[in-house]
Peer 1: 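First the structure, then my questions, so here it is.
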Amino acid sequence: MKEKFDKFKTSQWYGLVLLALLLLVFWGFFKILRPATFGTPQKLILYAQTAIIYAVGGCGLYFIVSMGLFDFSIGANIVLSAVIAVSASQYLGYVGLILAPIISGTLMGVINGIVYVKLRIPSMIVTTGLALIYESLSVFAAGGSEKILDSSLRAFGSYPYNLIVAVIAYLLCAGLLKYTKVGTYSNAIGSNEFVAKNMGVDVNKYKVISFTLCGMFAGIMALLTISYGTSMTSASNMSSMSRNFTPLMGAFFGVAFKKYGHPVVAVVVGQMVVSLLFNGFVVLGAPTTVQNIVTGLTLLVIVTMTTKAVKGAVVK
């Protein structure tokens, strides 16, 4: 019996069971406290509507986080891409709304990767500096006013079109991770960059590719974000940073469960868990400060679970 259980613990089904239990535990906790106002089927659908948006960003961040890197410009990327999307949609309709944020997000990802590789300083510092630049560009792009998406172009803000876009993004991420060198080499670089380099992996090339993919998924997230929220205000003074951490938690879920072979599923479920947490505390009437404390603690716990300290390691 013990041998069967040990074998089950290393199988992909064990990971799926753990993810399902996580959802059930968090749902059950708040359901017991507020049975009438939390966790009904209709509200779960609403919770999922925001979770699937953040999960798209989490999929992009997974390529970075699996290497041991960080992208703190993703929030600024989303803001700038969303502002550009609204402007483009005024001239090109849905074509502009779809293509503009994906192209702009991808370009920012390319810039992040190239600057990081060329400067050879920690990714947190590089992307934080670039976030300031992207925020400034969003102010110029918005022209000092709030950008509002036309009511005739909001199809991707609700079911089923938002779900279709999100699922396409998830499948794309899963395909890249499973069937391309990007997925293989990102894990190899994250495990041991020195060994990967000695085995002939062009580390800098795949870091740039990973940042590029992260930017592309941020662009898709921007499309869903502006369609759901219908408006976007330019960011300044690092205000976009608050948009970084929710998708980052989803990416950490993916890293934690990648050994079971389901990183993308873990990202999506992880974002749903985070959504349950946020909405649960709202139902309990907890102030925003308490929600921020819980968010911070959750992030620290996930990071602790997914990061192995290595003596003499350098922060990337």
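Keep in mind the model is a prediction, meaning the values are calculated, not measured.
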Peer 1: Measure from the side-chain N and O atoms of K147 to the backbone N and O of A82, and report whether any donor-acceptor pair falls under 3.5 Å.
Peer 2: no

Peer 1: Side-chain polar contacts of residues 217-237 - donor-acceptor pairs under 3.5 angstrom, sequence neighbours left out - could you list them?
Peer 2:
from: T225; atom 1: OG1; to: M221; atom 2: O; distance (Å): 2.7
from: S227; atom 1: OG; to: L223; atom 2: O; distance (Å): 2.8
from: S231; atom 1: OG; to: E146; atom 2: OE2; distance (Å): 3.1

Peer 1: Classify the ring geometry between F70 and F72 as parallel (under 30°), tilted (30 to 60°) or perpendicular (over 60°).
Peer 2: tilted

Peer 1: Is the backbone of T246 close enough, under 3.5 Å, to the side chain of Q271 for a donor and an acceptor to pair up by distance?
Peer 2: yes

Peer 1: Roughly how far, to the nearest 0.5 Å, is CD1 of I168 from CG of L163?
Peer 2: 10.0 Å

Peer 1: Group every Ile, Leu, Val, Met, Phe, Trp and Tyr by side-chain heavy-atom contacts under 4.5 Å, then state whether I164 and L46 land in the same group.
Peer 2: no

Peer 1: Classify the side-chain pair S73/N77 by whether it contains a donor and acceptor separated by less than 3.5 Å.
Peer 2: no

Peer 1: Taking atom OH of Y54 as the centre, does the number of heavy atoms from other residues, nucleotides or ligands within less than 6.0 Å exceed 12?
Peer 2: no

Peer 1: Is it true that N112 and Y134 share a donor-acceptor pair across their side chains at a distance under 3.5 Å?
Peer 2: yes

Peer 1: If we count only N and O atoms by modelled type, under 3.5 Å, do the side chains of N187 and S191 hold a donor and an acceptor together?
Peer 2: no

Peer 1: Taking the six-membered ring where the residue is Trp, are the ring centres of Y161 and Y94 under 6.0 Å apart?
Peer 2: no

Peer 1: Are V126 and V203 in one and the same hydrophobic cluster, where Ile, Leu, Val, Met, Phe, Trp and Tyr link if side-chain heavy atoms are under 4.5 Å apart?
Peer 2: yes

Peer 1: What's the spacing between S123 OG and M67 CE if we round to 0.5 Å?
Peer 2: 11.0 Å

Peer 1: Please report the interatomic distance CD1(I74) to SG(C214), rounded to the nearest 0.5 Å.
Peer 2: 4.5 Å

Peer 1: Going hydrophobic residue to hydrophobic residue with side-chain gaps under 4.5 angstrom, can you get from L16 over to V25?
Peer 2: no

Peer 1: Scan side-chain atoms only and decide if S210 and S186 contain a donor-acceptor pair under the 3.5 Å cut-off.
Peer 2: no

Peer 1: Donor-acceptor pair, T40 side chain versus T37 backbone, under 3.5 Å?
Peer 2: no

